[in-house]
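In what follows, residues are counted from 1 in the order of the sequence shown. Just so we're clear, the structure is a prediction, and the values are computed from it rather than from any experiment.
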Amino acid sequence: MQDEYRTVGRVGVHETEVNRSRFLCALAPVATEQEAQDFIAGVRKEHADASHNCYAYVIGADAAIQKASDDGEPGGTAGVPMLQMLLRRDMRYVVAVVTRYYGGVKLGAGGLIRAYGGAVGEALDTLGTLTRRRFRLATVTVDHQRAGKVENDLRSTGRTVRDVRYGEAVTIEIGLPDADVEAFRGWLADATAGTAALELGGEAYGDA
C-alpha cells in the first residue's frame, strides 16, 4: 500500500485556450468508479454541444482502477495524456473531464496531447490538491480520572483524535503513523502509569 497519495478537495473547473480551441477541465474527488461515471455523465449533459468530452480517472490508493476516453479525438491524444498527468502527480480518487470547444485550428497529435495533458496539469495547479497519509487506527482505553489529560496531550501533540466515547472507562480513537506505534505505546504507559490499554486496528487514510 502507498504511504500517501494526493487528491482534490473539491469540484472545480479551469479553462485554457489553445489556438482558439477552448479546453475546460472539470475535476472532482470521487470515492468509487460509479461516482466518477456519474460526474462524467453530468459534464457531458452540461456540455452536450461541445466537440469532445474526454475523461480520465484513478480510483484506489494503489491506483487499482484507471480509465481514460478520447471521446472521438484521435486514439491516445486525449484520455491517455490526461491519465498520465493524474498518475504523474500521484493523484488518486479523482476524475478529470476535459471539454473541448473546437476553434477552427487543427492542433495535430502532438498539440492535442500537450493541450489535454496540460489542461489537467493547470487545473490541478489552480484548484489545489490535498495529501492523504496512511495511518493505523488505534483505540486507547483509559480511566475517567486520567482521560481529560490524555485527550488534551494527544491533541496538543498533533495526534488525530477521531472519536471519544464515555462508558465505564473512556475510549479514545486515534490515528497513528505505523512508525510511531512503539514510541506512542511507551508514551502512553508513562502518561498513565501503565493503566491505559492500547489496541491496534486496521489501516486508513487521512489528511496529512
Go through the steps for Val43 and Tyr55 under the test side chain to side chain contact (heavy atoms under 4.5 Å, CB included), then give the verdict. CA-CA 10 Å; Val43 174; Tyr55 68 79; over 6 Å; no

Under 4.0 Å between a Lys/Arg side-chain N and an Asp/Glu carboxylate O for Arg89 and Asp125?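 Salt bridge present between Arg89 and Asp125.
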
Which residues pass the salt bridge (Lys or Arg N to Asp or Glu O under 4.0 Å) test with [X], not counting sequence neighbours?
{"X": "Arg22", "result": "Glu15"}
{"X": "Arg6", "result": "none"}
{"X": "Asp70", "result": "none"}
{"X": "Arg44", "result": "Asp71"}

Return a table of donor-acceptor pairs under 3.5 angstrom between the side chains of residues 28-37 and protein atoms on other chains or two or more places apart.
{"residue": "Thr32", "atom": "OG1", "partner": "Glu35", "partner atom": "N", "Å": "3.1"}
{"residue": "Glu33", "atom": "OE2", "partner": "Tyr57", "partner atom": "OH", "Å": "2.6"}
{"residue": "Glu33", "atom": "OE2", "partner": "Lys67", "partner atom": "NZ", "Å": "2.7"}
{"residue": "Gln34", "atom": "NE2", "partner": "Asp38", "partner atom": "OD1", "Å": "2.8"}
{"residue": "Glu35", "atom": "OE1", "partner": "Ala31", "partner atom": "N", "Å": "3.0"}
{"residue": "Gln37", "atom": "NE2", "partner": "Tyr57", "partner atom": "OH", "Å": "3.0"}

Hey, could you give me the CG/CG distance between Leu86 and Leu27, rounded to the nearest 0.5 Å?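 Separation between the atoms: 7.5 Å.
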
Between CG of Leu176 and CG of Leu200, what distance do you get to the nearest 0.5 Å?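 One gets 7.5 Å once the value is rounded to the nearest 0.5 Å.
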
Could you note down all residue pairs passing ring-ring contact (aromatic ring centres under 6.0 Å, His included) where [range] supplies at least one of them, sequence neighbours left out?
{"range": "residues 151-170", "answer": "none"}
{"range": "residues 68-100", "answer": "Tyr5-Tyr93"}
{"range": "residues 172-199", "answer": "Phe184-Trp187"}

Apply side chain to side chain contact (heavy atoms under 4.5 Å, CB included) to Thr171 and list each qualifying residue two or more places apart in sequence or on a separate chain.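 Side chain to side chain contact (heavy atoms under 4.5 Å, CB included) check on Thr171 returns Thr139, Thr141, Arg165.
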
Side-chain donor-acceptor distances from residues 114-122 under 3.5 Å, at least two apart:
{"residue": "Tyr116", "atom": "OH", "partner": "Glu73", "partner atom": "OE2", "Å": "2.6"}
{"residue": "Glu122", "atom": "OE1", "partner": "His14", "partner atom": "NE2", "Å": "3.2"}

Heavy atoms only: give me the nearest Ala56-Leu83 pair and the separation to one decimal.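 Smallest heavy-atom distance, with atoms named: CB-N, 3.6 Å.
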
Nearest heavy atoms of Arg92 and Ala61, plus distance in Å: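 Here Arg92 and Ala61 meet closest at NE-O, 3.2 Å.
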
Transitive ILVMFWY cluster of Val105 at side-chain heavy atoms under 4.5 Å: who else is in it?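 ILVMFWY cluster around Val105 holds nothing else.
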
In the hydrophobic clustering that connects Ile, Leu, Val, Met, Phe, Trp and Tyr at side-chain heavy-atom distances below 4.5 Å, which members other than Leu24 occupy its cluster, ordered by chain and number?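 Same cluster as Leu24: Val13, Tyr101.
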
